[in-house]
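What follows is one structure encoded as structure tokens, with my remarks underneath.
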Amino acid sequence: MNGEVVLAADLNLQETLECGQCFRWNAVPAPDGEIRYQGVALQNELTVSQRGDRVTFHCTKEDFQQYWKSYFDLGTNYGEIHSQLCDISPVLSEAAAYAPGIHILRQDPWEALCSFILSQNNNIPRIKGLVERLCRYFGARLPSGAFAFPGPEVLAALEISDLVPVRAGFRAKYILDAARSVLNGAVDLKKIREAPISYGRRELQKIYGVGPKVAECTLLYGFYKTEGFPMDVWMRRAMQKLLPGLDPETFGKNAGLAQQYLFHYSRMHPDLVA
DNA sequence: ACCCAGGAAATTC
DNA sequence: GAATTTCATGGG
């Protein structure tokens, strides 16, 4: 159960885990000059740390190969995507320079769907609290002691009153409809995985409480539909100020990464998008 | 078209 | 330290 996998990567843990695409990773104390995160994904707990471009996965080679290599999208050539996006516009190039180590995580679709339902009208610290309580109350206990994300079959069996301690407010009923829709096949996550993004947009929005923004986040972060481009208030302002008149379609199949660059850049320069 | 639900964090006063 | 803003979706 112990072991280590060390590799040099273009991945930046902080940029990737704190850009709002995931909610179950937390920074933990680490030696000087090192940054370390602990989190749960894919029914596994992991500690991962970084010093410069050297990333250490505190897990067995087998677990790294089976789960984490893919989860952190280490098989994708980000250098090439990065330079393609930089060619589109100097502004995008400037934005990309602020977080060149962002990767799009390959998260579990169901967990992403629930997480982004809970994310609506909320800020990241609060979303993390909601997700954590959902797992703590209803998720299975993993060997490490951490809690897995509860599957649709677990949540579909609940009533609104069961979700009260999660303190999700009006979002609780959305979670239940999502769980029931997935469980009874009204929304087929496998089909969404294999189909074009337009199908996923239509299907996910059949769920009560899922609109365009939540659907787009789920498709990008949960289904690795990299052409997804979630448009929230921040992104609308950022696009208007930084790239006026530009259609996100211009970013093509890597729109999602462009969105991450712009989002991160805008938050670091709020004055530029005001 | 507008306001609220149910909060907590971030921002501004 | 207190008031105000933020925020995605659906319903009234």
When you compare B:dC3 with C:dT4, how far apart are their P atoms, in angstrom units rounded to a whole number? 16 Å
Considering residues at least two apart in sequence or located in another chain, which fulfil the side chain to side chain contact (heavy atoms under 4.5 Å, CB included) criterion with A:Phe170? A:Gln120, A:Asn121, A:Lys173, A:Tyr174
When the C1' atoms of B:dA10 and C:dT9 are compared, how many Å lie between them, rounded to an integer? 22 Å
Separation of B:dG7 C1' from A:Leu118 CG (nearest whole Å): 13 Å
Sequence neighbours left out, what passes salt bridge (charged side-chain N to carboxylate O under 4.0 Å, His left out) with A:Asp73? Give chain and number order. A:Arg106
How long is the line joining CG of A:Asp232 and P of C:dA8, in whole Å? 5 Å
CZ of A:Arg236 versus P of C:dT6: gap in Å, rounded? 15 Å
Would you jot down, in residue-number order, the residues of residues 123-131 of chain A having a non-hydrogen atom under 4.0 Å from DNA chain C? none
Please name all residues satisfying salt bridge (charged side-chain N to carboxylate O under 4.0 Å, His left out) with A:Glu132, sequence neighbours left out, ordered by chain then number. A:Arg24, A:Arg136
Qualifying residues under side-chain hydrogen bond (donor to acceptor under 3.5 Å, both in side chains), relative to A:Gln260, sequence neighbours excluded: A:Tyr221
Only counting residues at least two apart or in another chain, list the ones meeting side chain to side chain contact (heavy atoms under 4.5 Å, CB included) with A:Ala186. A:Ser181, A:Asn184
Report each atom pair, protein N/O against N/O of nucleotides 10-12 of chain C, whose distance is under 3.5 angstrom.
residue, atom, partner, partner atom, Å
C:dG10, OP1, A:Gly209, N, 3.4

Are A:Glu216 and A:Lys213 within salt-bridge range, i.e. N to O under 4.0 Å? no
What residues, two or more places apart in sequence or in another chain, satisfy side chain to side chain contact (heavy atoms under 4.5 Å, CB included) together with A:Tyr98? A:Glu94, A:His264, A:Tyr265, A:Met268, A:His269
Find the distance A:Phe170:CZ to B:dC3:P and express it as a whole number of Å. 17 Å
Trace of the salt bridge (charged side-chain N to carboxylate O under 4.0 Å, His left out) decision for A:Glu203 with A:Arg201: CA-CA 6 Å; A:Glu203 288 301 297; A:Arg201 288 181 181 130; over 6 Å; no
Find the distance A:Lys173:NZ to B:dG7:C1' and express it as a whole number of Å. 13 Å
Rounded to the nearest angstrom, tell me the gap between atom CE in A:Met268 and atom P in B:dA10. 17 Å
My understanding is that only residues two or more places apart in sequence, or in another chain, count here; which of them pass side chain to side chain contact (heavy atoms under 4.5 Å, CB included) with A:Arg236? A:Met231
Whole-Å distance, A:Gln120 CD to B:dG7 P, equals 15 Å
If I take atom CH2 in residue A:Trp234 and atom P in nucleotide B:dT11, what distance separates them, rounded to the nearest angstrom? 8 Å
